[in-house]
There are 2 protein chains.
Amino acid sequence: MATMHDVARLARVSVSTVSYVLTGARPISQATRDKVLAAMAELDYQPNAMARGLASRRSRILGLLMPMDERGLGATETAFVTGAAAAASTAGYHLVLSPVGGGNLDDLRRLATQRMLDGVVLMEVQLADERVTVLQEAGVPLVLIGRTGDTSALSYVDIDFEQTVREAVAHLVGLGHRRIVYVNHSAATLATGYGPALRTRDAFVSAMTGHGLEPVMIAAEDSAAGGRAALAAAFAQAPELTAVLAMNETAIFGILGELTGRGLSVPDDVSVVSMVTSPQVAELATPALTAMTSPGSALGRIAIEALLRHLDGPGGPRHQQLLPCALEIRGSTAAPRRAALVTSEPSPTGGG
Amino acid sequence: MATMHDVARLARVSVSTVSYVLTGARPISQATRDKVLAAMAELDYQPNAMARGLASRRSRILGLLMPMDERGLGATETAFVTGAAAAASTAGYHLVLSPVGGGNLDDLRRLATQRMLDGVVLMEVQLADERVTVLQEAGVPLVLIGRTGDTSALSYVDIDFEQTVREAVAHLVGLGHRRIVYVNHSAATLATGYGPALRTRDAFVSAMTGHGLEPVMIAAEDSAAGGRAALAAAFAQAPELTAVLAMNETAIFGILGELTGRGLSVPDDVSVVSMVTSPQVAELATPALTAMTSPGSALGRIAIEALLRHLDGPGGPRHQQLLPCALEIRGSTAAPRRAALVTSEPSPTGGG
DNA sequence: AATCTTCGTCGAAGCGTTTCGACGAAGCGG
DNA sequence: CCGCTTCGTCGAAACGCTTCGACGAAGATT
């Protein structure tokens, strides 16, 4: 393995000159540069990452921290990752994914404090997230995908849940639906302060109210069975429902199964919209699901770019940005079949 | 940020003594050790990973290379990752996941050649995998999850596809099924030399022949539509089929949809077994799928342990191991309702 | 023509560890 | 009681790079 010394000797220049050719930190004449580059090529020289990191106090490694639970990584999260990896690679940084779960904060602290990571992007952020505290104490530059409760001092990119819900509801209302039920994540998830669940809940209430409609929300466990139960609960609360809005990729299959089980057809009897769902998952269902598609790789890319800006100019402004989801109409939404099921005015009793 | 120097000064010993306390490379008296540990605690000392890596020529970082396509990471692959991460952490190593896709071999070469990774575990290996060549040329210790065609010089852990298929077929035959169709990955995937697809194909032929039955295999695109098409093809080739064996998590939803569309009930008319499927995915379907569950995290753990052994004693023996899948019986398999079912067209009533 | 910049290059001092050789102080057998 | 290991510690030399100060050689400015 050739070192910078070897290159310098072969090119008949000093080590520092080789370094300057590599980093561009000082001007080098074209003639010298060519000599050095030729020597590097001949020796198949590759800089040693450790030595460079030690001397420059910059590892050129960025971390993407994502809790990996047993559920696996959905296509949505995967898109964040690939977007981030591409952006990092473009900037000459490595992106490493660290599956540090919620449990081992110590592992995280070690990683952060050993100066192995120049900066970190955090995924799946809770409203109150200890990892943020740990990283801030360690002085590691930080960008979130998602938001904590208090975002005043933080940089983040997140999905615009407000807009997403508003647009999904508008789509259904535009088709003629009046009685729409929102199937959210589980009550337990809501209780832990999972931002997306809380924000969509509030947005749903506000969107429905804005249309003069009554908002009905059901919390569903993250499982097919949970979806079935949620739909049963929905029919109990709103027997005349003609549309279901859901943000729960797992439960939605139970919802669809239960609809079929009740002899109801999608979309003729009941329309279904899935939120923050990847096209791949939407296509799994029959019929394919109309969905609000997440900005995907853009989210990851923007997070990395913001992080790199923080590295270059510390003390710069925070980056806070919300990205919209795009409505993609597939086969699961249509105008409600029977006007009989449609109540043109919000009914105060809520029962039919 | 405190350095070893600071610790040494505070403890009134030399830097090397501090280092020996940390690494255990030489004996240190209990009294000195205590002094040093106290100083480290007081200063909240954390060794600098870069400096350590440079001096010892060991980064204590292991790479897990997984191609991340847009499909996302299934629960099965996620289990590999968490198992590997846990094992690495136990041994005092960091595990970084690198989403280096098939495309950017250069990125991989850079990573390998910059001496940033002590060793690598490779996932989703093809029968002929260029990444293996690149890494071997770079001299990076290597363990595969999966197998290339020629495994003579390599260490690997893989699923025992032979056993998995044999057991799945035995389960169905034991229930009384005689006409079983295997839905494999796509023809294109088979053509690229994807090991699991080829090995299960051969194992299916051999298992069926062993029972005196005729093997029928259909290649399906990785999509719901592909599953539907595959099932239609299956009925065309074997109208009297009573069981479907599948190794295609995506297509299986299309298969189930198409069965329902033809008015056939699972498991009464047709039994379905999914291979190398995580419990989470199996539970998504209605009824929940009987499946051959992959060894999951054990695979990742074993791969890391083998890799660590290679690092400690280079020139040691290769590690080559196959792990079985476990049969988990859920709701999608039962004894065939009728001795021979003859349907080649979708029938609206489904024939009670 | 004298002085001030800028340019291109060099040598050397780090960066924070590990690791090697050395060296007293014990402990040992003979 | 003398040479011999073994033990515990030290100082110094790497490891391969970045970066700072310095310094001739031009070119620009008076």
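Computed from a predicted model, the values in this text were never measured in an experiment. In what follows, chains carry the letters A, B, and so on, assigned in the order in which the sequence lines appear, proteins first and then strands, with residues in each chain numbered from 1.
When each of A/His5 and A/Arg26 is assigned the nucleotide of DNA chain D bearing its nearest heavy atom, the one mapping closer to the 5' terminus is A/His5. Of the residues near DNA chain C, A/Ser14 and B/Asn48, the one whose nearest nucleotide (by heavy atom distance) lies more toward the 5' end is A/Ser14.
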Between B/Arg309 and B/Asp312, is the salt bridge (Lys or Arg N to Asp or Glu O under 4.0 Å) condition met? List the steps. CA-CA 5 Å; B/Arg309 241 174 284 127; B/Asp312 289 343; over 6 Å; no
Does the pair B/Leu144 and B/Asp158 meet the rule for a side chain to side chain contact (heavy atoms under 4.5 Å, CB included), with working shown? CA-CA 8 Å; B/Leu144 312 182; B/Asp158 200 359; over 6 Å; no
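Spacing between atom CZ of A/Arg58 and atom C1' of D/dG16 amounts to 19 Å, rounded to whole angstrom units. Rounded to an integer number of Å, the gap from B/Met40 CE to C/dG16 P is 17 Å. Rounded to whole Å, atom P of D/dA14 lies 24 Å from atom CE of B/Met50. One can place CE of A/Met1 at 19 Å from C1' of D/dA14, the figure rounded to the nearest angstrom. With rounding to whole Å, A/Leu22 atom CG is found 6 Å from D/dT18 atom P.
When distances run from any side-chain atom of B/Ala55 to the nucleotides D/dG16, C/dC10, C/dG16, the shortest one goes to C/dG16. Here the side chain of A/Ser56 is nearest to one of D/dC10, D/dG16, D/dT18, namely D/dT18. Listed nucleotides C/dG16, D/dC10, C/dT17 differ in distance to B/Tyr20; the shortest reach to its side chain belongs to D/dC10. For A/Thr3, taking side-chain heavy atoms from C-beta onward, the closest of the listed nucleotides D/dC7, D/dT19, D/dC17 is D/dC17.
At a cut-off of 3.5 angstrom, the base of D/dC17 holds no donor-acceptor pair with the side chain of A/Tyr45.
Nearest approach of A/Asp118 to A/Arg60, heavy atoms of both residues: OD2-N, 2.7 Å.
Residue A/Ser16 places no side-chain N or O under 4.0 Å from the OP1 or OP2 atom of D/dT19. An OP1 or OP2 oxygen of D/dC17 is reached within less than 4.0 angstrom by no side-chain nitrogen or oxygen of A/Ser19. Of the side-chain N and O atoms in B/Arg57, none sit less than 4.0 angstrom from OP1 or OP2 of D/dC15.
In summary, the side chains of B/Tyr93 and B/Arg58 do present a donor paired with an acceptor at a separation below 3.5 Å, with no hydrogens or angles considered.
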